[in-house]
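One structure is given below, encoded as structure tokens.
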Amino acid sequence: MTTNNPNPCPVCKLEGQEVIREADYGERITYNCARCGKFTITRTAEHMAEKRNLGPKLSAWIRNRFELGMDIPEISTNSLTEIEQSLPDYNPSDKQQFFLQSIARKSKYPGDSVSLLPEFDYPLAWASASEELLFYIRYLIERGLLARTDDEETQAFGDMSVSVEVAADGWEYLDQHEQRAVELSQAFVAMSFSESMKMVWEKAIKPAINEAGYKAYRVDAELHIDRIDAKIIAEIKKSLFVVADVTEQKRGVYFEAGYAIGIGLPVIWCVRKDDLTNVHFDTRQYNHVVWESTQELKETLYDVICAVIGRKHKI
Ligand SMILES: [Zn+2]
């Protein structure tokens, strides 16, 4: 039964009728928030999220999955830790691009006007507040990528609603810039190419990524002589996230994962249990999927991808 809920959204603190508690299973509650979208969260994860002040980023993460029509995320204490570590700090230029992309997605055709309520829609730009979103809108208009479609004379900017359309230059900009992040479906796999790891790729990493709805990409073993070339960099840039299995401690794997972190991609680290103590000091701070069998790796990696990146519907 759907009931209006006097309690605020546990993620963004929005109150009132815009937050609906759709289902309450005791320990797990499903919310439908006008700002975050739909999600299920456990009570313990709720407390954890509050303490860590993940608010705006978590809100944006949930909302963008919702906008893309992905499965409703289930946020537990475990997945929250994974999500927290994977949330990149987007810079203002990334945020503008994501926002422009989401307006383009909402447009039924070029020239279609999209109406926004900054108070509820700021997560579309991974922003922390409506003021930040309005700043990006203003800047995108200045850059000629976005245009206002409401009456500038009668309506003060940001007063309740704003109507915009993607300008001609905006469509061109989106065409030219590879649509990184949210809309991509490739997962780049960085791992050792030794004979013993072949089965790990075939039986664990590749199927786990595929089952979550993504395309697993690994460069050809022959090409990969532990050196980084332009092809590898280009493939990482084309990916939504990276799975880095550091078993056997290859330098190239660390480099590729480090490069991915540098450009803001989430990296899921994995390592075989007997090699855990050898993990490079700088990356020990990250959570690793620690595995003993290919079956175990496949199952755990699948769960982590679903929690951190989200399961993608097959197209
Ligand atoms: Zn919310």
Side-chain angles (χ1 to χ4, degrees), residues 9-14 18-19 31-39 41 49-50 52-73 75 79-107 114-143 145-146 158 161-162 164 166 170 173-174 177-185 237 239-242 260-268 307-310 312:
C9 164
V11 176
C12 72
K13 311 288 179 284
L14 184 67
E18 281 80 20
V19 183
Y31 287 92
N32 192 348
C33 167
R35 194 179 281 148
C36 307
K38 227 180 200 186
F39 60 97
I41 189 164
E50 253 166 53
R52 297 194 189 171
N53 194 25
L54 280 170
K57 270 208 225 170
L58 185 58
S59 178
W61 182 81
I62 300 168
R63 176 66 183 269
N64 283 285
R65 290 174 46 117
F66 185 72
E67 292 285 325
L68 289 168
M70 290 176 155
D71 284 354
I72 300 168
I75 303 167
S79 64
L80 190 61
T81 306
E82 298 289 347
I83 295 163
E84 186 181 18
Q85 290 187 348
S86 75
L87 288 177
D89 278 315
Y90 290 123
N91 62 36
S93 128
D94 290 335
K95 291 179 178 182
Q96 286 169 51
Q97 191 177 333
F98 290 144
F99 178 67
L100 195 62
Q101 270 169 8
S102 69
I103 298 300
R105 208 182 306 121
K106 285 174 180 294
S107 310
V114 176
S115 192
L116 299 161
L117 292 166
E119 174 65 13
F120 300 142
D121 289 326
Y122 64 76
L124 294 178
W126 289 79
S128 303
S130 51
E131 289 75 22
E132 190 184 346
L133 172 67
L134 291 170
F135 172 79
Y136 296 138
I137 295 178
R138 241 180 261 132
Y139 196 55
L140 283 163
I141 293 173
E142 247 177 63
R143 291 169 69 191
L145 305 178
L146 207 63
S161 80
V162 185
V164 289
V166 178
Y173 174 89
L174 289 176
H177 288 72
E178 271 182 21
Q179 300 198 5
R180 197 158 74 72
V182 283
E183 296 192 326
L184 299 177
S185 62
K237 278 184 176 165
S239 299
L240 176 63
F241 64 100
V242 169
I261 291 171
I263 61 168
L265 295 189
V267 173
I268 298 170
V308 174
I309 315 295
K312 197 177 164 86

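Predicted model, so just to flag it, every value in this text is computed and none were measured. Scope of the values below: all heavy atoms of this structure, side chains included, with no hydrogens, waters or symmetry mates. Numbers here simply count residues along the sequence, with the first being 1.
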Flag side-chain contact, heavy atom, 4.5 Å: Cys9 against Cys36: yes
Considering all heavy atoms, the nearest Ala49-Leu80 contact: N-CD2, 3.6 Å
Leu116 vs Val164 side-chain heavy atoms within contact, under 4.5 Å: yes
Side-chain donor or acceptor of Asn64 paired with backbone N/O of Phe98 under 3.5 Å: no
Pair Ile103-Leu140, side-chain contact (heavy atoms from CB on, under 4.5 Å): steps then yes or no: CA-CA 12 Å; Ile103 298 300; Leu140 283 163; over 6 Å; no
Leu133 to Pro118 - nearest heavy-atom pair and separation: CD2-CA, 3.8 Å
Asp121 side-chain N/O to Leu117 backbone N/O, donor-acceptor pair under 3.5 Å: yes
Side chains of Leu145 and Val166 in contact at under 4.5 Å (non-hydrogen atoms): no
Distance-minimising heavy-atom pair for Tyr31 and Val19: CD2-CG1, 4.0 Å
Side chain Ser59, main chain Gly55, donor-acceptor under 3.5 Å: no
Contacts of type ring pair (Phe, Tyr, Trp, His ring centres under 6.0 Å), residue Phe241, not counting sequence neighbours: Tyr214
Heavy-atom pair of closest approach, residues Gln101 and Leu174: CG-CD2, 3.7 Å
Pro56 side chain near Trp61 side chain, heavy-atom distance below 4.5 Å: no
Counterpart residues, ring pair (Phe, Tyr, Trp, His ring centres under 6.0 Å), relative to Tyr136 (two or more places apart): none
Closest heavy-atom pair and its distance - Ala260, Val242: CB-CG2, 3.6 Å
Side chain proximity check, Val162 to Leu134, heavy atoms < 4.5 angstrom: yes
Test: Arg143 cationic atom under 6.0 Å from Tyr173 six-membered ring centre, within 45° of axis: yes
Minimum side-chain heavy-atom gap Phe120-Glu18 below 4.5 Å: yes
CD1-CD1 distance between Ile72 and Ile41, expressed to the nearest 0.5 angstrom: 13.5 Å
Lys/Arg N to Asp/Glu carboxylate O, Arg63 vs Glu67, below 4.0 Å: yes
Any side-chain heavy-atom pair of Cys33 and Cys12 under 4.5 Å: yes
Steps toward side-chain contact (heavy atoms from CB on, under 4.5 Å) verdict (Tyr122, Glu132): CA-CA 8 Å; Tyr122 64 76; Glu132 190 184 346; over 6 Å; no
Residue pair Leu146 / Phe99, side-chain heavy-atom distance below 4.5 Å: yes
Over all atoms of both residues, closest heavy-atom pair of Val114 and Lys106: CG1-CD, 3.9 Å
Backbone N/O of Glu119 and side chain of Arg35: donor-acceptor pair under 3.5 Å: yes
